[in-house]
Amino acid sequence: MKFSEMPYERPDLDAVKKQYSALTERLKAAGSYEEARAVFLEKEELDKHVQTLSTLAHIRHSIDTRDAFYDAEAKFWNAGEPELQEYTQAWTQAMLDGAFRAQFAAEFGELMFVNAEIELKTFSPEIIPELQQENELAQEYEKLLASAQIPFEGGVYTISQMPPFKSDPDDARRLEAWKAEGQWYKDNQDKLDGIYDRLVHLRDTMGRKLGYEGYTTLGYYRMGRNCYTKEDVERFRLPVQKYLVPVADGIYREQAKRLGKQYPMSFADNALEFRSGNPRPVGTPEQILEQGRKFYNELSPETGEFFNMMMDNELLDVLSTEGKEGGGYCTSIPDYGVPFIFANFNGTQGDVEVVTHEAGHAFAAYINRDRIPMSTGWPSMEGCEVHSMSMEFMAWPWSEGFFGRDVRKFHYSHLAAALTFIPYGTMVDHFQHIVYEHPELTPAQRHAEWKRLLGIYMPWQKLDGDIPFYAEGEGWQRQHHIYSSPFYYIDYCLAQTVALQIWALLQKDQKDAWEHYMAYARQGGSRTFTELLKNAGLESPFDEKCLRGVCETASKWLAGVDMTGVE
């Protein structure tokens, strides 16, 4: 079914609650595993339908935040989903306490119970008001960014439309674009500070109501982390600082030489990788999507079937339009067994990465769409990001079709960006740990912490005051995850470390790299992150030699690549 044809109707929330309650009571009363299993499968169908309606409302709201109907529906779900959580938690408790746990685990895997125990630690009816307020504040932040009207060179642009100007080869124009965007954030500084301050205190309150020291422990449970701890993440930071920051620093020093700039460079100059301009995709958005179809059709029969289905059923909404929420994401519409990709094409190489990154998520979801329980279709977040970041690299043999004569630029840029991203992403996570360990910090103190961390993780950024929003330590407010998905960012860093292993395999043998990828992706969310890696023959990013190894391999490639004639 095409996306535009998928029906939406607001459900009767009280009726849904009664359905969950009835299923829970039937599960408790089941006299045999066969009877309990039948109830379990009924509950799976109800979950699918509720999630489908919620997802349709949120997708259509993000496509046009000005649409009054779906704005109201998004608010309905923001309030309703926390209320439903009380009833789904009662079901979860009944499953954990039930007489047939061993039989369920034998058929569907023990991980569903491990994750269920974690889920129970994230909720109490006592925090429903905070959960509802949290949803509203996150939506307020997204709507604020979607409403941005940035004056530039006689025109007015959204945030999603500014990146081409922010990487323009003309130094003066590029700087003015960064200043223009930064000024919009400065003009809305009080709103951005206020929204985040309320979110931090709300989350701290939720953690304390549930008996934790604050939000951090609750945040880890909400992220479903089932095989690593805060201490593991802290240990991951050390090799990032030891191995990756120097590699990234070297990349930016070379960039400064290419551009004829003094190191360290400004934020605006760091955005320009080549004097002749950053790699840009060739063709229209439609042509980029068709090249994506070619890539997936030639990569494997499974990927060809998947991408043709996505294109034929309107399951990619990728053009940047007025009122559209910023950023990009992939989600699932379980009643129809399909993923959906949301993005904002803007004429940069990021457009191609949508077709590879978000479609990497979508492909993994598609091949695991029939998993039971539905929750094991996706792994935890860092596990999901391996699907997407590795798929970006799998597209390298088809890059010329996306980038034409800029293909060498793209390969260099893509690998360099993967390496330089991990320090940034680790910094985002480090910042959030500081914020939630010290919720009493004022907005000004939070900005000061971000600026301090810039010196540790991104010493190549010149804090010269040219663009006050960035130079004064406020640039974190552009990062949606910090507002909407706390602690969801180290996931990208862990996954990028794994994806760089796939990239290294690809340099030797494309078929072997694809076999490792599929060995990982076919498992869906049936195992923990570290188990998924082990089963696919990949190293854990928590092992220091993993990060050291990918840095050595990538550094050699960057040093040896032939960039003759590329300016």
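Keep in mind it's a predicted model, so treat the numbers as computed, not measured.
Within a 6.0 Å radius of NZ in K462, other residues, nucleotides and ligands contribute 12 heavy atoms or fewer. Counted within 6.0 Å of CZ on R452, heavy atoms from surrounding residues, nucleotides or ligands total more than 12; the atom is thus considered enclosed. Counted within 6.0 Å of CD on E5, heavy atoms from surrounding residues, nucleotides or ligands total more than 12; the atom is thus considered enclosed.
Defined by atom type and a distance below 3.5 Å, a donor-acceptor pair is present between the side-chain atoms of E142 and H480. E358 and S388 share no side-chain donor-acceptor pair at under 3.5 Å. With no hydrogens or angles considered, no side-chain donor-acceptor pair links Y8 and R60 at under 3.5 Å. For the residue pair R222 and Y215, a side-chain donor N or O sits within less than 3.5 Å of a side-chain acceptor on the partner. Between the side chains of E392 and H357, at least one donor N or O sits under 3.5 Å from an acceptor N or O. Of the N and O atoms on the side chains of H361 and Y329, not one donor lies less than 3.5 Å from an acceptor on the other residue. In this model, no donor atom of one side chain and acceptor atom of the other lie less than 3.5 Å apart for Y252 and E273. No hydrogens or angles considered: a donor-acceptor pair under 3.5 Å links the side chains of S399 and H411. Residues E136 and Q132 bring no donor and acceptor atom of their side chains to less than 3.5 Å of each other. Side-chain contact, N135 with E81: no donor N or O sits under 3.5 Å from an acceptor N or O. In summary, the side chains of E382 and Y492 do not present any donor paired with an acceptor at a separation below 3.5 Å, with no hydrogens or angles considered. Q477 and Q189 are linked by a side-chain donor-acceptor pair at a separation below 3.5 angstrom, with hydrogens and angles left out of the test. Judged purely by distance below 3.5 Å, without hydrogens or angles, the side chains of Y470 and E181 pair a donor atom with an acceptor atom. Side-chain polar atoms of E325 and T65 form no donor-acceptor pair below 3.5 angstrom. Under 3.5 Å, the side chains of Q291 and W398 contain no donor-acceptor pair of N or O atoms. Judged purely by distance below 3.5 Å, without hydrogens or angles, the side chains of T158 and K324 never pair a donor atom with an acceptor atom.
Here the two rings, on F152 and F165, have centers that are under 6.0 Å apart.
Y336 and T52 make their closest contact through CE1-CG2, 4.0 Å (heavy atoms, listed as atom of the first residue, atom of the second, distance). Between L137 and I195, the shortest heavy-atom distance links the atoms O-CG2, 3.7 Å. Taking each heavy atom of I341 and A362 in turn, the nearest pair found is CD1-CB, 4.0 Å. When all heavy atoms of F267 and A471 are compared, the closest pair comes out as CE1-N, 4.2 Å. When all heavy atoms of K166 and A271 are compared, the pair lying nearest together is O-CB, 3.5 Å. Of all non-hydrogen atoms in Y483 and L192, the two that sit nearest each other are OH-O, 3.1 Å.
Of the possible donor and acceptor atoms, none in the side chain of S555 sits under 3.5 Å from a partner among the backbone N and O of E552. Distance alone, capped at 3.5 Å, is enough to place a donor-acceptor pair between the Q507 side chain and the W503 backbone. Formation of a donor-acceptor pair under 3.5 Å by the T284 side chain with backbone atoms of Q287 is found in this model. The closest donor-acceptor contact from the side chain of D269 to the backbone of M265 lies at 3.5 Å or more, if one exists at all. A donor-acceptor pair under 3.5 Å is absent between the side-chain atoms of N313 and the main chain of L315, judged by distance alone. R275 contributes no side-chain N or O that, together with a main-chain N or O of R258, makes up a donor-acceptor pair within less than 3.5 Å. A donor-acceptor pair is defined here as one N or O able to donate and one able to accept, closer than 3.5 Å; no such pair exists between the side chain of S54 and the backbone of Q51. In this structure a side-chain-to-backbone donor-acceptor pair under 3.5 Å is present from T356 to V352. Proximity of a side-chain donor or acceptor of N278 to a complementary backbone N or O of S167 within less than 3.5 Å is not detected. Using a distance-only test at 3.5 Å, with no hydrogens or angles considered, a donor-acceptor pair links the side chain of Q432 to the main chain of F487.
Salt bridge annotation for E176-R173: absent, with no cationic side-chain nitrogen under 4.0 angstrom from a carboxylate oxygen. Between K2 and D312 no salt bridge is recorded (no basic side-chain N to carboxylate O distance below 4.0 Å). Using a 4.0 Å cut-off between charged side-chain N and carboxylate O, R203 and E134 make a salt bridge. Residues R174 and D168 are not paired through a salt bridge, judged by the lack of any N-O separation under 4.0 Å between the basic side chain and the carboxylate. Look at R280 and D351 and you find no salt bridge, because none of the NZ, NE, NH1 or NH2 atoms lies under 4.0 Å from a carboxylate O. Ion pair E474/K451 not flagged as a salt bridge, since none of the NZ, NE, NH1 or NH2 atoms sits closer than 4.0 Å to an Asp/Glu carboxylate oxygen. Using a cut-off of 4.0 Å between Lys/Arg side-chain N and Asp/Glu carboxylate O, E254 and K257 are scored as salt-bridged. Classification of D249 and R253 as a salt-bridged pair holds, one side-chain N sitting under 4.0 Å from a carboxylate O.
Geometric assessment of R446 against the ring of Y196 yields a negative cation-pi assignment under the 6.0 Å and 45° thresholds.
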Query - Residue pair E353, Q349: steps toward the side chain to side chain donor-acceptor pair (under 3.5 Å) verdict - result: CA-CA 7 Å; E353 288 159 8; Q349 72 185 64; 3.2 Å; yes
Query raised in the report: Given the rule in the ring-ring contact (aromatic ring centres under 6.0 Å, His included) test, do F342 and F3 qualify, once you have shown the distances and angles that lead to the verdict?
Result: CA-CA 12 Å; F342 170 95; F3 178 72; over 10 Å; no
Query raised in the report: Can W514 and W396 be said to form a ring-ring contact (aromatic ring centres under 6.0 Å, His included), step by step?
Result: CA-CA 12 Å; W514 180 243; W396 268 33; over 10 Å; no
Requested in this report: Step by step, work out the ring-ring contact (aromatic ring centres under 6.0 Å, His included) result for F295 and F307.
Outcome: CA-CA 9 Å; F295 158 50; F307 201 75; 8.4 Å; no
Requested in this report: Kindly determine whether Q139 and S484 satisfy side chain to side chain contact (heavy atoms under 4.5 Å, CB included), including the steps that lead there.
Outcome: CA-CA 8 Å; Q139 186 174 325; S484 304; over 6 Å; no
Report task. Would you please test Y488 and E385 for side chain to side chain donor-acceptor pair (under 3.5 Å) and show each step? Result -> CA-CA 11 Å; Y488 181 6; E385 297 303 340; 2.4 Å; yes
Requested in this report: Show the numbers, then the answer: is there a ring-ring contact (aromatic ring centres under 6.0 Å, His included) between H58 and Y70?
Outcome: CA-CA 8 Å; H58 283 295; Y70 281 110; over 10 Å; no
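Looking only at side-chain heavy atoms (C-beta outward), M310 and F340 stay at 4.5 Å or farther from each other. Taking the side chain as every heavy atom from C-beta outward, P541 and F529 approach each other to under 4.5 Å. Taking the side chain as every heavy atom from C-beta outward, V318 and I288 never approach each other to under 4.5 Å. Two residues are said to be in side-chain contact when any heavy atoms from C-beta on lie closer than 4.5 Å; T497 and C546 meet this criterion. With contacts defined as side-chain heavy-atom distances shorter than 4.5 Å, the pair W184/Y157 does not qualify.
A distance of 12.0 Å separates CG in L319 from OG in S160, rounded to the nearest 0.5 Å.
With F431 as reference, W450 is the one residue of Y436, Y457, W450 to meet the ring pair (Phe, Tyr, Trp, His ring centres under 6.0 Å) rule.
Ring planes of Y185 and F469: parallel class, angle under 30° (limits at 30 and 60°).
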